[in-house]
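We use all heavy atoms of the structure for the numbers below, so side chains are in, but hydrogens, waters and symmetry mates are not. Being a predicted model, the structure only gives us computed values, none of them experimental. Below, chains carry the letters A, B, ... as their sequence lines are ordered, and counting in each starts from 1.
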Amino acid sequence: MTQRPTRLFRNASSKLALVPMITITLVVFVGCTLWTVLYSFTKSKSLPRLDFNGLDNYARLWKTSRWLVSIENIAIYGVLSMVLSLTLGFLLAALLDQKIRFEDTFRTILLYPFALSFIVTGLVWQWILNPDFGVQHVVRGLGFTSFEFDPLYNPEIVIYGILIAGLWQGTGLIMCIMLAGLRGIDEDIWKAARVDGIPMWKTYLYVVIPMMRPVFITAIVLIAAGIVKVYDLVVAQTSGGPGIASEVPAKYVYDYMFRGQNLGQGFAASTMMMLCVVIVLIPWAYLEFGGKKRG
Amino acid sequence: MKNWKLAAWLCASVALPVMAHAEELEVTHWWTSGGEAAAVGELAKAFDASGDTWKDGAIAGSGGVARPIIISRIMGGDPMGATQLNHGRDAEELIAAGLLQDITDVAEAEGWRDIIKPISLLDACTVDGKVYCAPINIHSWQWMWLSNKAFADAGVPVPANWDEFVADREALEKAGKIPLAMGQQSWQSNGAFGVIAVAIGGPDLWKKINVDKDAEAARSPEMTKVFEQADIARQLSAKSTVQDWNQATNMVITGEAGAQIMGDWAQGEFAVAGQVAGKDYTCLPGLGVNKIISTGGDAFYFPVNEDPEVTAAQKRLASLIVSKEVQVAFNSKKGSLPIRGDVDLSTVNDCTKQGLEILASGNILPDGTMTLSADTRTQLDDLLTEFWSTPSMTVADVQEKYASIIETAE
């Protein structure tokens with residue numbers, strides 16, 4: 001009777017091949033994250049120093065109005081960007097899926113903005129939304145002289161100006177993913193629905209969308225990652241202005257780490273960003289992956 | 001076999017270039033606009049003429065973009081030969097960490113302490129009795145630039161001080177002018193506020209707050225007056241939507257706006273537009289109330305280098321920067337004031353002459369970059385830009401927040 005190799009050495013070669021990846025993940029992601037969290041409790045200015053000052057950095061952070069505005073902005077941008085990207089992406093995909101003519105052309109046009117970087121997108125929309133050159137100027141030129149549309153110069157609505165640019169850039173990709181999902185739905189299901197006389201919108205809502213669950217999850221993960229890291233779009237479009245009305249957390253982190261030369265404050269802010277992501281992610285991951293094992 | 005050779009070659013290609021060109025200095029700076037680039041050209045020419053090689057490392061964007069790049073390069077162990085920084089507290093920690101070259105021997109050999117004027121410029125370079133930088137020019141924030149055309153269009157004489165300017169508000173607005181042009185970037189809001197604070201509150205109050213970090217002074221009724229005037233300035237500039245300072249200056253040049261509060265670098269824009277001081281535009285140092293020059297400016301720092309040849313070249317550059325010829329050539333191109341009193345700038349215009357006179361009379365203040373840390377300045381930038389673009393933020397609100405930032409300033 002030969003003894004079976006222990007579990008650890010089963011598939012040894014593939015496990016060996018994974019070692020570099022695992023090491024990088026542990027050192028770079030986990031290691032650096034822990035390092036950042038540790039130094040967020042210190043008085044580090046432009047150089048990291050282990051000179052602890054307790055929760056001072058966090059206390060200052062949550063008293064700073066710029067940080068509070070940033071959080072509010074990312075919440076508005078996040079919720080709307082998630083809802084609108086999914087809705088618009090799905091609607092566009094459903095429309096393109098109606099076996100229309102020139103489908104390729106439309107698909108290309110809608111996907112094109114995604115090929116542009118956020119910086120370019122931001123600059124383009126900065127011009128479009130500029131009251132002296134863009135939409136407002138054109139509409140006034142048509143004779144509507146009292147027309148006002150200057151979201152980037154109005155602190156109350158500036159975040160929506162950024163949202164427009166973000167949606168313009170990102171919706172095409174979501175549409176493509178949704179379209180791939182729709183194409184993956186078996187033709188027989190549509191036939192069966194038609195035979196049963198179920199209206200098209202009901203088929204979409206109750207049959208097709210539930211079947212597209214994995215596609216939706218992919219889309220949600222992509223959109224969520226885009227929301228957390230939004231930075232370049234704001235820098236290009238408004239650089240946080242007018243005043244501090246369009247600031248976002250990532251920009252706060254950068255500005256205090258490098259412009260303000262206060263690493264401790266920047267680390268505290270980035271730790272809070274990570275904490276927010278974790279708070280959203282853990283319950284979701286628990287529902288998504290924990291449920292399956294039990295079932 | 002081949003792979004090993006390739007690897008060895010790659011390693012060599014990284015290691016070898018370090019050994020070549022000891023006297024070539026890479027110099028980083030953020031002088032990229034027309035007049036600034038011409039001024040740097042003068043400096044490079046003088047350095048090349050002395051036998052070394054100037055390798056230009058211009059970083060586009062303003063100091064806000066360039067400073068983090070420069071500082072991370074020095075800290076990351078990839079030092080340049082020399083670099084521009086605003087003298088003051090930016091370099092403090094780099095000096096404490098021993099990353100910047102001590103050039104005290106050059107300063108002593110050439111007697112910088114006797115020739116540099118005002119001496120506060122050298123003091124800003126000095127830490128624990130050792131000199132770490134070579135100052136190159138003086139820039140002052142304390143100016144207001146007025147468009148003669150805008151006031152002529154409004155049918156009122158060009159005001160001679162801040163109060164007269166505020167009184168002309170209605171006339172300007174009736175003529176379709178924006179009274180005060182203002183860029184939206186945060187450093188501009190903070191800078192303009194600083195000018196108002198010096199003019200209205202006076203230099204002593206400014207020193208108490210910015211040098212001694214006295215939070216009680218920041219809460220005092222005198223300071224409330226300053227914030228009230230800032231509130232008025234905020235209303236005067238409410239319709240100005242441009243971003244960059246030079247766009248705002250352009251509004252003054254075209255007569256679209258009445259005035260702008262901006263440092264003396266704005267004069268370069270008037271010069272490029274072919275305007276004449278006194279005829280096309282008027283300047284009011286200290287808003288015409290407290291005639292004062294703040295002595296901020298630029299200086300060159302020299303990161304520590306292991307190669308003694310490079311260190312020697314760095315010291316040669318330091319002495320060149322302070323020399324008379326370079327001071328004249330550089331500052332007349334850039335429109336800034338020289339750092340020594342014994343050079344002749346006979347060709348300068350009215351406004352620069354006023355500046356030189358105030359400088360000679362000793363009515364000077366240190367600049368915010370010398371007295372406050374980058375962290376505190378960033379906080380003040382944030383606070384004042386919020387105040388400037390949020391009409392609902394009251395004077396009492398902003399004053400209390402201002403005082404609490406000063407309270408925790410280091």
Please check if the number of heavy atoms outside [X] that lie under 6.0 Å from its [atom1] is greater than 12.
X	atom1	result
Lys239(B)	NZ	no
Asp128(B)	CG	no
Phe147(A)	CZ	yes
Lys130(B)	NZ	no
Phe52(A)	CZ	yes
Trp35(A)	CH2	yes
Tyr254(A)	OH	yes

Requested in this report: Verify whether one side chain among Ser65(A) and Glu386(B) offers a donor that lies under 3.5 Å from an acceptor in the other.
Outcome: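 There is such a pair (donor and acceptor under 3.5 Å, judged by atom type) between the side chains of Ser65(A) and Glu386(B).
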
Would you say the side chains of Asp382(B) and Tyr252(A) form a donor-acceptor pair under 3.5 Å?
->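 Their side chains do not contain a donor-acceptor pair, so the 3.5 Å distance test is not met.
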
Reported [atom1]-to-[atom2] distance for the pair [X] and [Y], which is rounded to 0.5 angstrom:
X	Y	atom1	atom2	answer
Ile244(A)	Leu383(B)	CD1	CG	8.5 Å
Met257(A)	Thr378(B)	CE	OG1	13.5 Å
Leu47(A)	Leu94(B)	CG	CG	6.5 Å

- request: Side chain from CB out, backbone as N, CA, C, O: work out which of these in Pro242(A) comes under 4.5 Å of a heavy atom of chain B, or both, or neither.
  value: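 Both backbone and side chain.
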
For this session: Measure distances from Ser46(A) to the heavy atoms of chain B and classify the residue's part below 4.5 Å as side chain, backbone, both or neither.
Result: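 Backbone plus side chain of Ser46(A), per the 4.5 Å heavy-atom cut-off to chain B.
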
- Are Arg259(A) and Asp375(B) close enough for a salt bridge, meaning some N to O gap below 4.0 Å?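 A salt bridge is absent here (no side-chain N lies under 4.0 Å from a carboxylate O).
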
**Prompt:** What part of Gln379(B) gets closer than 4.5 Å to chain A, counting heavy atoms only: side chain, backbone, both or neither?
**Reply:**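 Interface part for Gln379(B): both.
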
Side chain / backbone / both / neither for Ser186(B) at chain A, heavy atoms under 4.5 Å |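 When you check distances to chain A, only side chain atoms of Ser186(B) fall under 4.5 Å.
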
- Return the minimal non-hydrogen interatomic distance between Gly243(A) and Ser389(B), and the atom names on each side.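 So the two residues come closest at CA-OG, 2.7 Å.
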
